[in-house]
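Computed from a predicted model, the values in this text were never measured in an experiment. Along the sequence shown, the residues carry numbers beginning at 1.
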Amino acid sequence: MSGLRRRAALPLFLAAALASSPALAREYDAFVEIEDEEDIYDLYDDGTIDEEGRDTLLELLESGVSLNTASRDRLYELPNLTLPVVDALLTYRQEAGSLDNPAALVGAGLLTERELFALAPFLIVSQREGAAFGTKARVRYDTLLVAGENRVPGMALRANAEALGGFRTGLATLLTRDRIGRVTYDGSRDTPTRRALTAAAPVPRLQLAKAFAEWREEDYGVIAGTYKIGFGQRLTFDNTGDYAPNGWEKDDTLTRGASLKTACKESTGTTESPLCDYGSDLRISPDYRWTPRLLGVAGGHRRIDLGMGHLQAFGFGSFQRRSIYQYEVLDRSICSIDDEAADNCNLSDDFNVYVDIDNPSATAPEFKYTTLTGLYDELVVGGNVAYWFGERARIGLTGYGAAPFWRIPEMDLDFRRSSRWPFGGPWGAVGLNGTVGFAWWDLGMEVARTIDSMSLGGGDFGAIVRGLGSWKKRELELTLRYYGPDFHNPYARPISAADERDGVRARDEAGARVRYAGEVLRDLELRGTADLWTTVSTGVVNTRNEVRATYRLTDAIRLSAWGLFHDKNLAVGGRQQCFGTDTFEDAEGTDIGEIEIIEGCAGMKLQATGQVRYEPFKNTAITLQYRNSWLDEGSASGRLFDDRFRQDRSFWLTLMVKPIPELRIRGRLRYLMEDVAYADHLESWLWTYLEATYSLQKRFKFRLRYDLVSWLDQRDSTRDRIPNPEHWFWFSAEAKF
């Protein structure tokens with residue numbers, strides 16, 4: 001599409017959006033009932049919630065929500081609540097003066113007992129008046145050991161405290177074993193030989209990953225340290241994980257790995273063999289991980305009375321040392337951006353990182369597939385102002401600027417075109433957002449313009465409009481979105497398809513999505529999504545459609561079924577196409593989910609899932625689930641799929657029992673077979689775990705878990721895999737004071 005056509009398309013898109021109906025929904029794909037983060041991971045694993053729902057729930061569980069102080073948008077992020085229910089809660093809170101006892105909501109008829117139990121893990125019970133100087137603290141320790149390893153296990157420690165009513169502080173530290181040392185340039189030595197990057201080999205290291213101190217009153221506050229922040233429809237700036245962010249939150253979140261990783265990440269380099277030359281088949285346990293958000297200061301005021309409404313104002317700044325995956329970086333003196341676009345740059349030959357050894361004149365192996373520690377510093381400065389005309393109407397302006405500072409002056413380093421970060425120098429974005437709501441509908445929108453250094457006049461426009469209609473416990477949402485081909489904003493997190501262009505999801509895309517959730521008949525709940533979008537630069541039309549039905553057959557038996565239809569190019573048919581996906585990690589090694597590979601793939605995926613949940617007693621549940629997937633693969637893999645789909649199958653069996661209120665025992669068995677026709681093609685494994693969680697006086701919680709993973713397929717890599725089977729042992733302890 002030409003620049004003229006794209007400029008014309010944006011106002012037409014906005015006009016159509018403003019003529020549409022209602023938007024401000026958070027999205028979960030089913031009724032959510034959890035007790036801890038492991039339950040959230042399980043819901044994501046079996047497809048009950050999507051990636052965005054998983055991240056939002058984890059953030060809510062970590063930060064908590066106070067029924068006494070939370071805003072309308074914040075309450076709406078809680079699972080299983082519709083906007084009419086949220087508005088009723090706010091009315092009840094205003095009339096009662098406080099909500100210190102959530103159980104009163106059941107007596108008032110605002111929530112069912114099941115809904116209250118489902119909300120309980122996310123709620124912060126506020127201290128009563130007179131306890132303003134009370135102190136609260138929480139400490140949590142986690143460790144992981146895989147049988148057969150002869151090294152110290154990975155560990156993580158999180159601690160936070162609250163005092164004086166509004167002061168909070170916390171930290172998150174961990175023991176890493178697989179991070180290489182700080183990257184330096186060996187040309188500064190007396191006898192340089194390589195004139196390239198070097199780093200010390202991985203050794204166990206203590207890492208202070210997160211630390212913060214915050215003072216927050218009801219309407220104003222400030223935070224210093226690690227934090228996350230976002231606004232509006234998440235188009236201009238957001239890194240929170242929330243669905244409707246409006247301000248900052250503390251950041252002390254750590255994550256855990258879910259699979260073993262290759263032990264040796266070295267190649268021969270200038271020597272005959274790597275230092276870790278013990279074979280490529282040995283796998284080791286992953287470290288606990290963290291995702292850097294922002295490091296600096298943020299502050300603001302949420303309510304400055306002005307005229308008929310009130311003003312909010314926030315400012316934030318961050319300066320932090322960042323790490324990056326080595327194949328996201330290039331040396332412009334060797335491989336220019338234009339060469340990379342023409343595929344003239346070889347990732348492994350044109351950017352070498354050697355293992356630092358004592359003798360700088362000796363040969364040395366190279367690192368491969370490694371995150372480079374502290375390669376550059378990033379400066380981010382931004383702010384937000386918004387005027388509220390009432391509790392459901394506002395207009396706001398958000399803007400930020402960012403710049404990288406490479407720490408290797410001897411080399412002309414830059415981001416690759418495929419990196420999430422824009423290359424060429426500083427970048428930023430400015431955007432206007434607004435919301436309005438009346439009676440049963442809400443409308444929200446945001447328009448943003450990115451500015452970068454990738455080309456003359458670099459940057460592009462993006463826009464999103466979301467409308468939401470709510471009737472008791474039914475909701476209908478319509479979302480329209482447009483992200484230009486040059487809209488490259490690494491700090492944007494709006495609704496978008498799960499594909500990427502040059503490391504960014506919300507780019508080169510225009511689409512419409514409709515979602516429905518609610519009861520259609522007594523005891524029958526229906527949730528569905530229909531998404532249609534086009535790649536702006538090519539005109540390729542994609543669609544992804546999901547529907548889920550849940551029927552309560554009896555008080556003890558619940559039946560669910562859901563299906564998926566996804567086509568990457570509606571104009572192309574036949575089984576000769578491919579449907580590609582891959583799992584990606586961020587710079588710190590955190591799994592960021594499955595991303596669709598769109599280059600050259602125009603295939604189709606179908607999926608059908610059935611689930612039966614049986615609760616014979618109040619504290620016992622048995623869940624059985626089966627899924628079959630059909631997807632195009634063509635013959636690119638060397639297998640014959642030109643006239644048929646490739647089939648994958650999965651099976652889950654989950655048991656949960658509470659023999660006493662303080663003890664929960666949970667077990668799960670999952671079997672996966674990718675490509676049922678060829679045992680030597682893709683993965684096939686059996687994964688089983690057994691977990692026991694014991695709570696003592698609601699102050700102490702201990703968790704023990706054992707995982708057994710058996711790889712069953714006939715691939716050469718599986719036959720040579722060490723260890724197989726895998727034995728994982730987890731332990732965590734948490735104390736609240």
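The aromatic rings of Tyr387 and Phe389 sit perpendicular, their planes meeting at an angle over 60°, well past the 30° parallel limit. The aromatic rings of Tyr491 and Phe237 lie parallel to each other, with less than 30° between the two planes, well short of the 60° mark. Ring geometry for Trp215 versus Phe167: interplanar angle of 30 to 60°, hence tilted.
For the pair Arg522 and Tyr551, the cation does not sit on the ring face, since its NZ or CZ is not both under 6.0 Å from the ring centre and inside 45° of the axis. Remark: Arg293 is not positioned above the aromatic ring of Trp248, lacking an NZ or CZ atom under 6.0 angstrom from the ring centre and at most 45 degrees off the axis.
Glu734 is listed as a side-chain neighbour of Arg138, based on a closest heavy-atom distance under 4.5 Å. Between Leu476 and Trp471 the shortest side-chain heavy-atom distance falls below 4.5 Å. Taking the side chain as every heavy atom from C-beta outward, Glu509 and Arg481 approach each other to under 4.5 Å. The shortest side-chain heavy-atom distance between Thr550 and Arg558 falls under the 4.5 Å cut-off.
Of the N and O atoms on the side chains of Asp238 and Thr240, at least one donor lies less than 3.5 Å from an acceptor on the other residue.
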Verdict with supporting geometry, Glu519 and Arg527, salt bridge (Lys or Arg N to Asp or Glu O under 4.0 Å):
CA-CA 9 Å; Glu519 291 184 350; Arg527 296 173 185 258; over 6 Å; no

Taking it one step at a time, do Gln233 and Glu446 satisfy side chain to side chain donor-acceptor pair (under 3.5 Å)?
CA-CA 6 Å; Gln233 305 301 311; Glu446 185 166 2; 5.9 Å; no

If you apply the rule side chain to side chain donor-acceptor pair (under 3.5 Å), what do you find for Tyr92 with Asp87, and how did you get there?
CA-CA 9 Å; Tyr92 181 87; Asp87 291 335; over 6 Å; no

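Contact detail for Leu397 and Gly431: the closest heavy-atom pair is CD1-O, 3.3 Å.
The only member of Arg668, Arg666, Arg703 that meets side-chain hydrogen bond (donor to acceptor under 3.5 Å, both in side chains) when paired with Glu691 is Arg703.
Under a 3.5 Å cut-off, the side chain of Thr226 and the backbone N or O of Ala211 do form a donor-acceptor pair. Using a distance-only test at 3.5 Å, with no hydrogens or angles considered, a donor-acceptor pair links the side chain of Arg493 to the main chain of Asp242.
Taking the centre of each ring, Phe700 and Tyr694 stay at or above the 6.0 Å mark.
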